[in-house]
Amino acid sequence: MWRSGSAILALLAGTGTAWAEVPRVAADITPVHGLVARVMQGLGEPALVVPPGASPHGYSMRPSEARALDQADLVFWLGEPLTPWLQGPLEELAGGAHRVELLEAAGTTVLPLREGARFEAHAHDDEEDHSDHDGHDAHEDHEDHGHEDHAEGDEDHDDHEDHADKDGHSDHGDHAHGHHHDGADPHAWLLPANAQAWLDVIAQELAEHDPANAAAYKANAEAGKQEIAATVASVSAALEPFRAKQFIVFHDAYQYFERGFGLNAAGAISIGDASKPGPARIAEMRDVVADLKVACVFSEPQFNPGVVATVLDGTGAGTAVLDPLGAKLETGPQFYPALLQDIGAAIAGCK
């Protein structure tokens, strides 16, 4: 039987479906967006500010992305160490929105940036030493690690390289070094325990803005945590044969993943993801590959593969591509488990 529009709306209201109360939400990068989408699954969809393939360190928003911030009731973002350029737009466009900086959220483990071309092996049972369980002191004791701290071993001062993303937006300019100037490593989403903690934070924030759907947000967060746990178990098993091997990354974006899966990178080719290594850095990394019998040197999609080829030349080490932001993965509720699987498979399959 046909019903009028008003009758249908009344029927929906009677079922307890809280369509009007679901807040408008924006998230900065794909991993954060994926976690928010998981918590909101079945209720709404967050907007993504920085699209796949674009650099989070310096991005010129499109009108649709600026509009999403302007209309948002809630904004989840990783924080200033990763996207320093976003602070201005957040103040100007999302001044009335409630903003949640996940690096400052309770339960978040934040690690300091590693220094130098070679990394010391870290213990995997001491996360408490670098944790910020209250969300207020994450960057304490790490604020004095400026650019000058990285000069040793980089006498050639790695050259700036103007990388444009696939849409033509350059990430060069005022933030050419990306996160390099901040003492905290911002790639915290690659620690599964952080992602699980953030699911709870996201659910709580959404519930405060949308009490009618609080139970659904909580249930989604719990399901998301279980999915991450299952993914961690699967990826850990796949990585077991690789754990005894030495490897080098293009830039130091993976220590959280290493911490979560019991790996240790031997070093990084570049001091940051918005600079290219100079001859002295490349020569040092070639020595590292030879000295430690490095099994694999990992590149990233946005960087010139010729640099990795130079490091690899004559060494016998393998190579594979890692992408900490999962540019080729489908965005949405299942993005985060897929990201862990993608990185794990690339590492485990390196030949």
Side-chain angles (χ1 to χ4, degrees), residues 55 57 81 111-124 142 144-163 171-172 175-187 190 242-259 262-324 343 346-347 350-351:
S55 169
H57 303 304
L111 303 174
L113 286 168
R114 294 183 285 200
E115 299 182 16
R118 299 178 185 231
F119 302 149
E120 293 184 5
H122 54 252
H124 298 292
H142 306 309
D144 58 348
H145 298 299
H147 179 71
E148 66 277 7
D149 296 330
H150 299 271
E152 185 177 353
D154 294 302
E155 294 87 350
D156 51 18
H157 298 293
D158 289 5
D159 300 320
H160 297 312
E161 185 171 28
D162 191 355
H163 299 295
D171 63 16
H172 199 56
H175 304 293
H177 280 294
H179 56 75
H180 177 61
H181 289 294
D182 195 280
D185 185 340
H187 303 89
L190 291 178
F242 195 87
R243 286 199 176 89
K245 298 181 181 180
Q246 298 277 4
F247 64 96
I248 287 173
V249 295
F250 193 92
H251 88 288
D252 190 16
Y254 303 96
Q255 67 169 320
Y256 290 97
F257 191 91
E258 296 167 42
R259 181 66 61 95
L263 303 172
N264 282 296
I269 296 174
S270 177
I271 61 173
D273 58 352
S275 63
K276 64 180 180 180
R281 182 83 171 207
I282 291 175
E284 183 175 8
M285 296 317 299
R286 285 179 56 81
D287 290 341
V288 171
V289 172
D291 293 345
L292 300 180
K293 296 180 173 57
V294 165
C296 197
V297 178
F298 292 104
S299 62
E300 294 184 28
Q302 68 269 40
F303 297 113
N304 183 354
V307 175
V308 172
T310 301
V311 173
L312 286 170
D313 187 35
T315 66
T319 186
V321 178
L322 300 182
D323 184 357
I343 295 174
I347 294 175
C350 184
K351 304 294 185 184

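We use all heavy atoms of the structure for the numbers below, so side chains are in, but hydrogens, waters and symmetry mates are not. Along the sequence shown, residues are numbered consecutively beginning with 1. All of these numbers come straight from a predicted model, not from anything done at the bench.
The minimum heavy-atom distance linking P324 with E300 is given by the pair CD-OE1, 3.9 Å. Y256 approaches L111 most closely through the heavy-atom pair OH-N, 2.8 Å. Counting all heavy atoms, side chain and backbone alike, D252 lies closest to D185 at O-OD2, 4.0 Å. When all heavy atoms of P277 and I269 are compared, the closest pair comes out as CB-O, 3.4 Å. In this structure, V308 and S299 approach most closely via the heavy-atom pair CG2-CB, 3.6 Å.
The distance from atom CD of Q246 to atom SG of C296, rounded to the nearest 0.5 Å, is 12.0 Å. Taking NZ from K245 and CD1 from I347, the interatomic distance works out to 12.0 Å, rounded to the nearest 0.5 Å. Atom CG of L190 is separated from atom CD1 of I343 by 4.5 Å, given to the nearest 0.5 angstrom. Between atom CG of residue L322 and atom SG of residue C350 there is a gap of 8.5 Å, rounded to the nearest 0.5 Å.
At distances below 3.5 Å, at least one donor-acceptor pair connects side-chain atoms of R281 with backbone N or O atoms of A268.
Ionic pairing of E258 and R114 is present here: one or more N-O contacts between side-chain nitrogen and carboxylate oxygen are shorter than 4.0 angstrom. Between D291 and R118, at least one side-chain nitrogen of the basic residue sits less than 4.0 Å from a carboxylate oxygen of the acidic one, meeting the salt-bridge criterion.
For R286, the side chain to side chain donor-acceptor pair (under 3.5 Å) test picks out no residue, with sequence neighbours left out.
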Derivation and outcome, side chain to side chain contact (heavy atoms under 4.5 Å, CB included), residues I282 and M285: CA-CA 5 Å; I282 291 175; M285 296 317 299; 5.8 Å; no
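If you check the side chains of Q255 and H187, you find no donor sitting under 3.5 Å from an acceptor.
Checked against the 6.0 Å centroid criterion, the rings of F298 and F247 qualify as a close aromatic pair.
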Could you list the donor-acceptor pairs under 3.5 angstrom formed between side-chain atoms of residues 312-320 and any protein atom two or more places apart in sequence or on another chain?
from : atom 1 : to   : atom 2 : distance (Å)
T315 : OG1    : L312 : O      : 2.6
T315 : OG1    : A317 : N      : 3.2
T319 : OG1    : V297 : O      : 2.8

